[in-house]
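I have placed the structure first, in the form of structure tokens, so that the comments after it can refer back to it.
All values below come from the heavy atoms of this structure, side chains included, with hydrogens, waters and symmetry mates left out. Count residues from 1 along the sequence.
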Amino acid sequence: MEITYERKHNESYMVLEGELDTASYEYKMIRDNEFHSLLDMTCFEIDGTKKISYKISRKENLSDYIESNDVTLDLLHRFVVNLQMALDEASRYLIDEEHFILDKETIFMEKAKDNCKVSLCYMPVNNGSVQQQFKGIMEYFISKLLTKNREESKKIYDAYNLCQKGDYTLSEIIECLQAEGEEVPEIYVEKVSLDEEEDTKELYEPAVEQDALGAEYISDYYDVESVEKKGIVNTIIDKTKAIFGRLNFEDDMVVQQSEDFVIEPDYEIDEKTVLLSEAKPVGRLVYDGNSNEDDFIINKDVFRIGTAKANDAIIHARTVSGNHAKITKEGNDYYITDSNSTNGSFLNSLPLVYRKPYKLKPMDVIRFATESYIFL
């Protein structure tokens with residue numbers, strides 16, 4: 001299954017090769033009813049190949065969601081409950097459950113306060129039973145399990161062993177994951193609001209951890225394409241001394257020489273000039289804006305950026321998403337990847353496509369929504 005991603009007009013899309021039968025019962029039911037748990041989709045053809053485009057704006061696939069959240073009993077429990085509810089909603093309209101691709105790359109998540117909303121990918125072919133596909137998801141969860149809580153780990157492994165039966169149900173998995181004395185949480189998909197003003201304002205409060213859903217649209221501030229580049233040169237001048245310490249530039253060490261006193265070296269200095277763009281990056285983000293954001297040293301192989309407290313670099317601007325982007329280090333090279341942020345990430349004014357890594361060079365200008373940084 002080949003997956004590609006696109007970003008158009010501030011919206012993100014996942015593209016799969018496939019076809020929608022517009023005359024089928026299922027397609028008509030999906031078209032004529034409001035499904036809360038399905039990704040919006042359209043079918044198109046390019047070079048004779050039919051493809052389906054799924055709108056995934058402001059969502060994270062399960063793989064990215066787990067990468068930015070520790071696998072705990074509570075997280076897994078809530079995920080399975082929401083997955084069950086999504087499948088129950090589809091079953092009410094007689095949609096075949098085997099027509100969903102249940103994979104860590106095609107299940108998408110939206111955080112809504114304490115719950116996680118699940119959005120499913122509809123593909124009208126036989127993708128296998130829920131039991132077969134969910135077993136693969138549980139194997140992925142097990143591979144990411146880090147909890148040291150023995151009781152929680154035992155419940156998760158018990159649920160995984162239950163998947164080996166083949167004839168289990170998600171209800172049995174939910175019961176297995178349920179903590180002692182805990183009732184199954186009542187999560188109503190219909191009540192999950194992604195746009196209500198009061199929810200958005202709450203996420204804007206500095207004391208509350210923000211999520212991608214809490215980010216304001218960049219268009220509320222200015223046109224994305226007309227972002228001013230003022231301040232970059234001045235910032236570079238101010239920061240160069242601190243960044244390139246090997247040059248030993250110190251203001252109090254500058255020798256004041258008169259015109260009559262010139263030192264002539266007795267040998268010829270032959271030193272090759274090295275362009276900054278060719279130099280090895282030191283791994284630093286230097287803020288180039290007017291909002292008093294911090295500079296950051298990239299000190300991890302996977303360095304996450306956003307407004308959420310769990311990030312390695314926390315930016316406070318409301319236009320920045322909770323999990324906005326990440327920079328990964330591979331050897332001496334650095335790559336930036338957008339995490340399907342609301343208002344986008346830009347490299348030298350180029351909008352970044354979700355999940356596509358872009359190699360960074362010294363002096364590159366990175367913009368997270370409205371906030372610009374220089375990469376050194």
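- Between the side chain of Glu11 and the backbone N or O of Lys8, no donor-acceptor pair lies under 3.5 Å.
- Between Leu20 and Lys50, the closest side-chain pair of non-hydrogen atoms is not below 4.5 Å.
- Here the side chains of Met363 and Leu376 are in contact, with some heavy-atom distance below 4.5 Å.
- Looking at every heavy atom in both residues, Lys155 comes nearest to Gln178 through NZ-O, 3.2 Å.
- In this structure, the side chain to side chain contact (heavy atoms under 4.5 Å, CB included) partners of Thr337, at least two apart in sequence or on a different chain, are Lys326, Pro357.
- With rounding to the nearest 0.5 Å, the separation of CG in Leu177 from CG in Leu170 is 10.5 Å.
- For Asn343 and Thr319, the side-chain atoms include no donor-acceptor pair closer than 3.5 Å.
- Sequence neighbours left out, the pairs with a member in residues 78-102 that pass ring pair (Phe, Tyr, Trp, His ring centres under 6.0 Å) are Phe35-Tyr93, Phe79-Phe141.
- Proximity of Ser129 to Glu98: side-chain heavy atoms (C-beta onward) are separated by under 4.5 Å at one or more points.
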(request) Check the pair Tyr287, Glu371 against side-chain hydrogen bond (donor to acceptor under 3.5 Å, both in side chains), reporting the backbone distance first and the verdict last. (result) CA-CA 8 Å; Tyr287 183 59; Glu371 304 307 310; 2.5 Å; yes
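- Salt bridge status for Asp88 with Arg92: absent, with no side-chain N to carboxylate O gap under 4.0 Å.
- Below 30°, between 30° and 60°, or above 60°: for Tyr5 and Tyr354 the angle between ring planes is above 60°, a perpendicular geometry.
- Cation-pi contact between Lys59 and Phe108: absent, since separation from the ring centre below 6.0 Å together with deviation from the ring axis within 45° is not met.
- When only modelled atom types and interatomic distance are considered, Ser341 and Asp338 share a side-chain donor-acceptor pair under 3.5 Å.
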(request) Evaluate the side chain to side chain contact (heavy atoms under 4.5 Å, CB included) criterion for residues Leu360 and Leu347: first the C-alpha distance (whole Å), next the side-chain angles of each, then the deciding distance (0.1 Å), finally the verdict. (result) CA-CA 8 Å; Leu360 294 171; Leu347 177 59; 3.6 Å; yes
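- Side-chain contact annotation: Arg7 with Ser12, donor-acceptor N/O pair under 3.5 Å present.
- A donor atom on one side chain and an acceptor atom on the other are not found under 3.5 Å apart for His324 and Thr307.
- Counting heavy atoms from C-beta on, the side chains of Leu87 and Leu120 come closer than 4.5 Å.
- As a member of the Ile/Leu/Val/Met/Phe/Trp/Tyr network built from side-chain separations under 4.5 Å, Ile46 groups with Val15, Phe44.
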